[in-house]
Amino acid sequence: MAEEENTSEGRSKGYEPAAIERKWYEKWKADGVFKAKAGTGKPPYCITIPPPNVTGSLHMGHALNNSILDSMTRWHRMRGFEALCIPGTDHAGIATQNVVERDLAKEGLTRQEVGREAFIERCWKWREQYGNRIYFQFESLGCSYDWDRVRFTMDQSYVDAIIEEFRSWYERGLIYRGTRVVNWDVKFQSAVSDIEVVTEERKGKLYHFRYPFADGSGYITIATTRPETLLGDAAVAANPNDERYQPHFGKLLALPLTDRQIPLIADDYAKPEFGSGAVKVTPAHDLNDFECGVRHGLPQHVVIGKNGAMTELAGPEFVGLDRFVARTKVVELMEALGLLEKVEDYKIQTPLSDRSKEVIEPLLSEQWFVDMKPLAEPAIQVVKEGKIRFIPDRYTDIYLQWMENIRPWCISRQLWWGHRIPVWWAKNPDGTLRHAFARNRDEAIAALGAEDCWQDEDVLDTWFSSALWPHACLGWPSESSDDLDFFYPTDLLSTAQEILYLWVARMIMTGLDFVKRPISNSEEAQGLLDADGEQRSIIPFKDVYIHATVLDEKGRRMSKSLGNGIDPIDLIERYGADATRFSLMQQAGKNQDIKYSEQRTDIAGNFCNKLWNASRFVLMHLDVATTGQLPDRPQLSLADRWILSRLTATIEAVNASLAQYDMDDATRALYQFFWNDFCDWYVELAKPRLRAEEADPAERSVAQNMLAYVLEVTLRLLHPIIPFITEEIWQSLPHSGETICTAPYPEAIAEWKDADAEAAIGITIDATRAFRNLRSELGISPAPKLQAAVVAGSGEALSTLTSNRDLIAGLARLSSLTIVDSAPDATSGVWIGSPISGAEVFLEIGETVDLKKERDRIDKELASIAKEIERSEGKLANPNFVERANPEVVEKERSVLADWQEKQAKLTERRKVFSGS
RNA sequence: AGGCGGUUGGCUCAGUGGUAGAGCACUUCCUUGACACGGAAGAGGUCAUUGGUUCAAAUCCAAUACCGCCUACCA
């Protein structure tokens, strides 16, 4: 509560966000505003943010998502929830390893040369040095996260959670050793997940080869884009319904370039319409072929090794050759043998490793897998029962569809940076191997009964650790975790659509599998009864919001290679975090993507500036006695009642929109209310009452309190979206509480809805606009104050116009406004007129009027009215409309028509005055 | 190939059955005591196409076209 002089001076005309934002973030942090505590008696509200890669820096997707997360957190905090938002980062196995290996390469070293232990040490060092960068970026965005609870997926407590998860699944047989075709990255020498594979259309060739029958009775033509895999073929398949091949099923083919014979098998995986209808089957080097091979019990010849070179199985001529060299050689040899039928140009969908850009080699290898089917069942059920809500709800089906066709999950990665698999191996007397779960060597020796044992070399897929993010962040598996008891299940998971399966689905499965509670009715909606009927599996979160993808102006995905990315930090520096957040929220609804252009941030920046200046105006007109308390109702003017009514509608709209994650609607409602209602009209209407020399002191005081009150409520409404500027202004206004962050969020008060005031101010605005329009249409300078008159068409209009006469005169720059019974005649001056709903306004324009100009103006207006009347009459002349439409609609149409007709009559009357003579 | 979105004024987008809206850009005017990052007044659209449902369709349904996203894959 500052004095008038202090608040008005020292505030610049333009809003300058940088210093203000820094100041408030530091203060909030120092005061512990973002800290939450279990068991305060308030209802819990909790979010665990999607942990960005520890190597990452803030991009537009992060900025959008974290603006949403923070706005929701702040909204709930103000609504009286114990609001907790936990930040963290993900160790990002392959990405981090990649970064550190690049650093090593600059020193001319490889990770193999430095060794596993030293390499991991370097990774830690890297993360200590750079890993917190994104946290500072979240701070500059204004995120109200609890920094005391920050999590990293390789913190010791988090590692404990992962080991416990692994143990449980391993002992239950859900984790198993399997041999399958995986996406192999020959550069990283590791399996990579599906999401780390990008397909790119490349020009290639389709080679048509002839495979002769072993008995010399002709040949079969097959086509391939990868000739080198020929060496690993185990069969040729054709569709069982394909008559061309039916007589030959079961016959053997002599596989060229090898001494093997392979069968012609019947499998409906072969599509008769493609090429020759016959397809070669290479089980060790293609996922579909692998599955086909399993169906038919075919051998799996691994002819390409992990380094991308041909193996011994490929034969002495090929061993050691790079796969692409081998490709050329196979083609040459086949051609020499006369077995190359033709070569076509062909567009190949080539799988590339996202990180290394190497062509992915589908490769048969031994890996650890999780059997997802049993885990998926409850995760399907909770979504079907509506216990987890997807927003937008179209994602519900997308989720269910994937879950119902779920496949085993390969969780081992041949990397060094990550969670090393807690399985130890030992040799059996017969030379085979056995394995057991163990946390360390001692446990391993006990479990395996052998001193001579070693830990599995592989680490876990990073998604394995992020799958337990919500409950592990809250303290699981610790026996006594107040946080877990109080804050779990969390309330919201908001993320990008491409990780719906990889991450969201896995969190649901993992959460349900590990977090169990004794049955209690209050938690019925939060989980599923277990099979034994004694416990409930608890969902990890209630709402899943899938936000839009932020694209560039042209609608392209932002990418490093295109160089079309926008750096949110750059936006924050230039426009402020508030403007950045506001512009993102304006565009965040249930849409699938956002075409982002900087113009949007500019607009949001203008909004902040408008807020700043309107507030400056209010502040400089307050005095020490202003309390900001709402004056008693009888003291309120029509305009006061009107703005309260508009404010109420806005409060309702904003709360309803936020509850549905319609950020765009909430933002729009706030923008329109503040700019169009509050600034354009209410402030203008209040000005006369503020002018000290002419105002009645009591009225002045009401106006001051009203302005302070409405502005203060508006700031609270805006705070979750634009936290900094609202705090800065709020602190200067009369208020109660330490910080706007914990001030109560406005709730609509139904009694403030005031239809009478809305109608009355509606007429006032219409009349003002009509006067301005007349002046402008006739090209009369806005400077001179003109004489005016108004004829009221009804009792209500009369009383409204009477009580707002001075206001209209002020807004329309009128020297006088008289209320008359009929149109003023020519003896009293040169009058032009314009009908509005419920009244007709007249302006005295001085000595001359261009008759033709005025006639043209009226004719133009009459023409557009005639069109409206025609439309309306046509509708009402239709008996079907009158009989079948809702009576209220018909009634409304009649009154609309009457209104137009009245305007038409008045204008026609006016036209006579200017018809010459 | 399948699934899902989108197509509304020059641009970016609101608008789910009853008189087509906003911001930016544009035209004209205004430095009037909060704001030129502003104010006032305008111009500009047969709501992608074709059918259907309805008294009434931008809005609901179907098909088509184009743009985009996700998933899987074509030997």
Side-chain angles (χ1 to χ4, degrees), chain A residues 8 11 13-15 194 199 206 222-226 229 237 269-271 273-282 286-289 346 348-349 351 392 394-395 397-398 401-402 405 497-498 500-501 548-549 551 553 555-557 575 579 586-587 589-597 599-600 602-603 605-621 664-665 668 671-672 675-676 679-680 683-684 687 691 768-769 772-777 779-783 811-813 867-868 871-872 875 878-886 888-890 892-893 896-897 900:
Chain A
S8 52
R11 281 183 191 283
K13 271 172 78 174
Y15 176 55
D194 289 344
T199 48
L206 184 64
I222 55 90
T224 181
T225 55
R226 295 161 62 211
T229 63
Y269 151 54
K271 303 277 171 279
E273 63 280 4
F274 190 93
S276 67
V279 57
K280 66 193 224 37
V281 181
T282 323
D286 182 286
L287 185 58
N288 286 313
D289 289 8
Y346 199 71
I348 305 174
Q349 300 293 327
R394 57 177 182 267
Y395 289 106
D397 282 345
I398 295 175
Q401 214 175 334
W402 188 78
N405 297 299
Q497 62 169 314
E498 66 263 24
L500 179 61
Y501 309 133
T549 309
L551 308 172
E553 277 179 282
R556 302 169 306 182
R557 212 169 234 290
Y575 298 94
Q586 269 185 310
Q587 299 172 85
K590 294 182 169 40
N591 43 340
Q592 192 168 268
D593 44 43
I594 291 172
K595 271 196 250 181
Y596 199 90
S597 89
Q599 199 189 61
R600 305 293 298 239
D602 205 39
I603 292 165
N606 292 350
F607 180 76
C608 290
N609 190 60
K610 186 77 176 174
L611 180 59
W612 180 253
N613 279 297
S615 302
R616 233 163 40 94
F617 171 83
V618 171
L619 288 167
M620 69 178 65
H621 285 89
D664 50 349
D665 288 345
R668 202 171 6 256
Y671 185 100
Q672 279 174 2
W675 204 308
N676 303 125
C679 292
D680 287 354
V683 168
E684 295 305 320
K687 276 179 182 174
R691 287 193 195 108
T768 304
R769 286 195 170 132
R772 287 171 175 171
N773 176 271
L774 280 175
R775 212 197 270 255
S776 170
E777 288 278 309
I780 298 161
S781 153
L811 294 168
R813 292 188 69 80
K867 251 169 94 181
E868 291 298 332
R871 184 198 55 76
S872 189
K875 216 167 170 181
N878 180 351
N880 282 326
F881 172 67
V882 180
E883 282 161 27
R884 297 203 201 184
N886 187 327
E888 286 161 32
V889 172
V890 178
K892 193 175 167 210
E893 193 61 45
V896 163
L897 178 61
W900 285 121

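All of these numbers come straight from a predicted model, not from anything done at the bench. Each chain gets a letter, A, B and so on, in the order the sequences are listed, and its residues count up from 1. Side-chain atoms are counted along with the backbone in the values below, which use heavy atoms only and exclude waters and symmetry mates.
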Could you give the distance separating [M] and [N] at their [atom1] atoms, to the nearest angstrom?
{"N": "B:G9", "M": "B:C26", "atom1": "C1'", "value": "12 Å"}
{"N": "B:C69", "M": "B:A36", "atom1": "C1'", "value": "41 Å"}
{"N": "B:U28", "M": "B:A43", "atom1": "C1'", "value": "10 Å"}
{"N": "B:U7", "M": "B:C61", "atom1": "P", "value": "14 Å"}

Residue-phosphate contact under 4.0 Å: [X] side-chain N/O, [N] OP1/OP2:
{"X": "A:Lys610", "N": "B:C35", "result": "no"}
{"X": "A:Arg775", "N": "B:U28", "result": "no"}
{"X": "A:Tyr671", "N": "B:A14", "result": "no"}
{"X": "A:Trp402", "N": "B:G2", "result": "no"}
{"X": "A:Asn606", "N": "B:G38", "result": "yes"}

Under 4.0 Å, heavy atoms only, any strand: does A:Asp286 hit a base, just the sugar-phosphate, or nothing?
sugar-phosphate

Students often get this wrong, so: under 4.0 angstrom with heavy atoms, is A:Asn288 touching a base, only sugar-phosphate, or nothing?
sugar-phosphate

Does the side chain of A:Lys280 pick up a donor-acceptor pair with the side chain of A:Thr282 at under 3.5 Å?
yes

Selected nucleotide, minimal atom distance to [X] side chain, candidates [options]:
{"X": "A:Gln599", "options": "B:C69, B:G23, B:C13", "result": "B:G23"}
{"X": "A:Lys595", "options": "B:U12, B:C37, B:G68", "result": "B:U12"}
{"X": "A:Arg813", "options": "B:C74, B:U32, B:C4", "result": "B:U32"}
{"X": "A:Val279", "options": "B:A41, B:G23, B:A75", "result": "B:A75"}
{"X": "A:Asp593", "options": "B:A75, B:G39, B:G68", "result": "B:G68"}
{"X": "A:Val889", "options": "B:G23, B:C74, B:G18", "result": "B:G18"}
{"X": "A:Lys13", "options": "B:A36, B:A75, B:C73", "result": "B:A36"}
{"X": "A:Ile603", "options": "B:G23, B:A75, B:A34", "result": "B:G23"}

Taking the six-membered ring of A:Phe617 as reference, does the NZ or CZ atom of A:Lys687 fall below 6.0 Å from its centre and within a 45° cone about the axis?
yes

Nearest-angstrom distance from the residue atom CD of A:Glu684 to P of B:A40
8 Å

Base-pairing assignment for [N] (Watson-Crick or G-U wobble, both under 3.5 Å):
{"N": "B:C66", "value": "B:G6"}
{"N": "B:C13", "value": "B:G21"}
{"N": "B:U31", "value": "none"}

Tell me which of A:Asn613 and A:Asp680 sits closer to the 5' end of RNA chain B, going by the nucleotide each one is nearest to.
A:Asn613

5'-most by nearest nucleotide on RNA chain B - A:Arg769 or A:Arg600:
A:Arg600

Where does the angle between the aromatic ring planes of A:Trp612 and A:Tyr15 fall among parallel (under 30°), tilted (30 to 60°) and perpendicular (over 60°)?
tilted

Working note: A:Gln592 + A:Thr549, criterion side-chain hydrogen bond (donor to acceptor under 3.5 Å, both in side chains); need CA distance, chi angles, decisive distance, verdict.
CA-CA 6 Å; A:Gln592 192 168 268; A:Thr549 309; over 6 Å; no

Rounded to the nearest 0.5 Å, how far does SG of A:Cys679 lie from CG of A:Leu611?
8.0 Å

Go through the steps to decide whether A:Glu777 and A:Arg772 satisfy the test salt bridge (charged side-chain N to carboxylate O under 4.0 Å, His left out), and finish with yes or no.
CA-CA 9 Å; A:Glu777 288 278 309; A:Arg772 287 171 175 171; over 6 Å; no

Polar pair under 3.5 Å, donor/acceptor by atom type, side chain A:Gln586, base B:A22:
no

